[in-house]
Amino acid sequence: MAISLAAAVPRMVATSSPSSSFANSKLANFSYLQLPTQLQISGIGNHCLKSKHRPRTLTLVASKKQTFSSFDELLEKSDKPVLVDFYATWCGPCQFMVPILEQVSAKMIDKIQVVKIDTEKYPSIANNYSIEALPTFILFKDGKPFDRFEGAMAADQLIQRIEASLQDKQ
Amino acid sequence: MRALQASTSYSVAFAISSVAPLPSLPRPRQRHVISANHEPTEKSVEIMRKFSEQYARRSGTYFCVDKGVTSVVIKGLAEHKDTLGAPLCPCRHYDDKAAEAQQGFWNCPCVPMRERKECHCMLFLTPDNDFAGQEQNISLEEIKETTANL
């Protein structure tokens, strides 16, 4: 399974809109890996498929596209702890967390890498980690699940939880 | 430039190979994103919208301060109703969705909600919940507006 994703380069993180309603949040430059982002977004709406690929719906200008052959490889290759968000499109709390994750990702860019996994597109990965409730967040350290928690929460709570985990040496 | 949710970027990536036929709607749709995720039928959304309002009233619970959350869940319930025949909870990952829909534990209103008023979807919130608003109503327009970019 080829997993193509984009990793934003730290120096180009843009701020996301502070609005509480996720309906207004912008997909700007983020310091997190998206899994996957094959950015050949052709055939949008009622245009016919064109051979010229233009990422018109994403402003991941600062992102670096990387390809991983598996989720495990992604975890292996990461030099920082990875916060994985298991979500689904029609899960309300998951969408609620989108702008919060942007914020947290930007704030903690030097400390963690954020990856989001659509459990409907990657059910096998979700099954591997026994994901049930959504959203479920798993913090991986050295490629292994270190901490795990479920449900939506405010940005400062999420940051607190992550930092507590990062400091925990057990 | 349209604002896009992070989640849609994934769906766009796979749209090319796995687009499912969208249900026909009375008006032409201007979608700027191809999504492999199915959009629920308007009929099902309306059914789940009415159900949500009634059940909130009946259970003394309230919708989230952010109605976008309410809208997404209602659409998720509608989508499952369309594809599985039952409104399976959209905030869960399942091994076998069809089996779960048959079994019923997670069909909305799910057992945890019915027994303990626990709704992790943040659809029905008890008044003491930090995210609970004051409303037990949501219009179809509100649903459409807040999910326009999904």
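Per chain, numbering begins at 1; letters A, B, ... match sequence-line order. Just so it is clear, the model here is predicted, and its values are computed rather than measured.
Cluster annotation: Trp106(B) is not connected to Leu123(B) through the hydrophobic network of ILVMFWY side chains, with a link wherever side-chain heavy atoms come within less than 4.5 Å. Both Phe63(B) and Met113(B) belong to a single network of hydrophobic side chains, linked directly or stepwise wherever heavy atoms of I, L, V, M, F, W or Y lie under 4.5 Å apart.
Summarising the geometry, atom CH2 belonging to Trp90(A) is positioned 15.5 Å from atom CG belonging to Leu88(B); distances are rounded to the nearest 0.5 Å. Atom-to-atom distance recorded for Cys91(B):SG and Tyr87(A):OH is 14.0 Å, nearest 0.5 angstrom. The OG1 atom of Thr146(B) lies 11.0 Å from the CD atom of Gln95(A); values are rounded to the nearest 0.5 Å. Between Ile125(A) atom CD1 and His93(B) atom NE2 the span is 10.5 Å, to the nearest 0.5 Å.
Atom CZ of Arg58(B) sits in a sparse spot, with 12 or fewer heavy atoms from other residues, nucleotides or ligands closer than 6.0 Å. Residue Gln102(B) places its CD atom among 12 or fewer non-hydrogen atoms of other residues, nucleotides or ligands, all under 6.0 Å distant. Heavy-atom contacts from other residues, nucleotides or ligands closer than 6.0 Å to CG of Asp142(A) number 12 or fewer.
Nearest approach of Pro90(B) to Cys91(A), heavy atoms of both residues: O-CB, 3.6 Å. For Val72(B) against Thr89(A), the heavy-atom pair with the smallest separation is CG1-O, 3.7 Å.
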